[in-house]
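Structure record follows, encoded as structure tokens.
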Amino acid sequence: MPELPEVETMRRGIASIVGSRIEDLRIPPSPLRPITIKPPLAEFRRRIVGRTVASVGRVGKRVVVELDSADRIAIEPRMTGRVLLGRPPDGKHLRLVFELSRSQPGRPAEQLMFWDSRGLGVARLLTPEEFDRHLGNSKLGPDALEITADELRRRLGRSRRAVKVALLDQSVLAGVGNLYASEILHRARVHPAVPCRRIRPIQWSRIHAAMLEILHEAIAMQGSTLADGMYRTVDGESGRFQEFHFVYQRAGQVCRQCRRARIVRIVQSQRSSFYCPKCQRWRG
DNA sequence: CCCCAGTCCTGCGGGC
DNA sequence: TGCCCGCAGGACTGGG
């Protein structure tokens with residue numbers, strides 16, 4: 001499931017479209033229900049055709065394509081979405097095709113595609129005002145790679161929520177999802193169900209440090225491709241960070257850290273959490 | 001402020 | 001071989 005490292009890998013993978021002109025936007029024929037795009041296709045197309053890609057960025061778990069009109073295209077892959085440049089895995093789940101002109105003479109024309117198996121993904125075209133409203137500071141917390149340890153503690157230190165649940169709250173910090181939240185807390189040696197207000201300053205420092213380490217390592221490995229094989233890089237390659245998972249989807253297996261206890265799965269807020277009962281004591 | 005349940009959606013795997 | 005069912009969960013919404 002694309003979280004910050006996977007979305008950042010997608011962003012880097014399509015960075016070559018900067019300078020290209022958008023010639024068309026199509027929704028390919030498919031028996032599946034079309035994904036959500038806002039505004040609807042006709043207006044979306046009218047506002048982007050003829051515009052040039054000014055930059056390709058990322059906000060939390062969204063890829064953000066900024067145009068020379070100052071409008072931005074925000075693509076949310078959610079569970080199974082993939083951003084591609086041509087060559088989708090199949091046509092059935094191909095949801096959007098942005099036809100691009102060649103950005104420089106001699107370079108081939110490109111097609112920016114959004115492919116999504118389950119179709120939970122969303123694409124939005126946002127004016128600067130809408131961008132602030134949807135992806136601005138009041139809606140989303142600081143990026144997980146930017147937030148400081150003090151800011152993290154300031155935002156969560158008095159909360160009664162379980163720390164694992166709180167780390168998933170995108171209004172607290174943007175980019176951490178279910179997989180990396182479990183991995184971060186394992187490296188920080190903090191039990192996922194501990195209320196934030198019971199976490200000591202030294203533990204917040206460990207959580208923050210573990211978060212930066214893991215996210216940077218995962219980006220370097222081009223993200224995590226799980227057993228379902230759903231996530232791929234723009235080039236169709238698997239990520240490699242799954243080889244370095246210590247707890248995620250490892251319930252019942254011996255902990256790679258202590259080599260003694262077995263990983264436990266619990267459900268928090270209707271999502272699976274994984275932890276080592278020996279490495280992650282309630283009072284770390 | 002926080003929590004919970006429900007919704008969207010498709011592919012996959014277990015059970016029979 | 002096939003069919004039903006549960007499960008995966010990010011973002012959002014409505015009710016408490």
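Proteins get letters first, then strands, A, B, ... in listed order; numbering begins at 1 in each. What's counted below: heavy atoms across the whole structure, side chains too, no hydrogens, waters or symmetry copies. Quick caveat, the model's predicted, so the values are computed rather than measured.
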Between [N] ([atom2]) and [X] ([atom1]): distance, integer Å:
| X | N | atom1 | atom2 | answer |
| --- | --- | --- | --- | --- |
| A:K38 | C:dA11 | NZ | P | 14 Å |
| A:Q170 | C:dC12 | CD | C1' | 12 Å |
| A:Y231 | B:dG11 | OH | C1' | 20 Å |
| A:Q249 | B:dC12 | CD | P | 15 Å |
| A:L168 | B:dC4 | CG | P | 13 Å |
| A:R78 | C:dC12 | CZ | C1' | 7 Å |
| A:R62 | C:dA11 | CZ | C1' | 7 Å |
| A:L140 | C:dA11 | CG | C1' | 11 Å |

Taking only side-chain N and O atoms of [X], does any of them lie within less than 4.0 angstrom of OP1 or OP2 on [N]?
| X | N | value |
| --- | --- | --- |
| A:H93 | B:dG11 | yes |
| A:R158 | B:dC2 | no |
| A:R161 | B:dC3 | yes |
| A:T80 | B:dC9 | no |
| A:Q270 | B:dC4 | no |

Measure from the side-chain heavy atoms of [X] and tell me the nearest of [options].
| X | options | value |
| --- | --- | --- |
| A:M79 | C:dG9, B:dC3, C:dA11 | C:dG9 |
| A:Y248 | C:dA8, C:dG10, C:dC12 | C:dA8 |
| A:R271 | C:dG10, B:dT10, B:dC2 | C:dG10 |
| A:K92 | B:dC8, C:dA8, B:dG11 | B:dG11 |
| A:S272 | C:dG9, B:dG11, B:dA5 | C:dG9 |
| A:L120 | B:dC8, B:dC2, C:dA8 | B:dC8 |

Residue pair A:P5 / A:G223: nearest heavy atoms and the distance that separates them: CB-CA, 4.4 Å
Charged tip of A:R95 within 45° of A:F114 ring normal and under 6.0 Å: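 Not satisfied by the 6.0 Å and 45° rule.
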Any donor-acceptor N/O pair under 3.5 Å between C:dG9 base and A:R118 side chain: yes
From [X] [atom1] over to [Y] [atom2], what is the distance, rounded to the nearest 0.5 angstrom?
| X | Y | atom1 | atom2 | result |
| --- | --- | --- | --- | --- |
| A:I37 | A:I35 | CD1 | CD1 | 7.0 Å |
| A:L226 | A:L179 | CG | CG | 5.5 Å |
| A:F44 | A:L25 | CZ | CG | 6.0 Å |

Under 4.0 Å, counting only non-hydrogen atoms across every strand here, what does [X] touch: a base, just sugar-phosphate, or nothing?
| X | value |
| --- | --- |
| A:I35 | nothing |
| A:R155 | nothing |
| A:E76 | sugar-phosphate |
| A:S269 | nothing |

From A:H191, A:R265, A:K164, residue fulfilling side chain to side chain donor-acceptor pair (under 3.5 Å) relative to A:S273: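 Of A:H191, A:R265, A:K164, side chain to side chain donor-acceptor pair (under 3.5 Å) with A:S273 is met by A:K164 alone.
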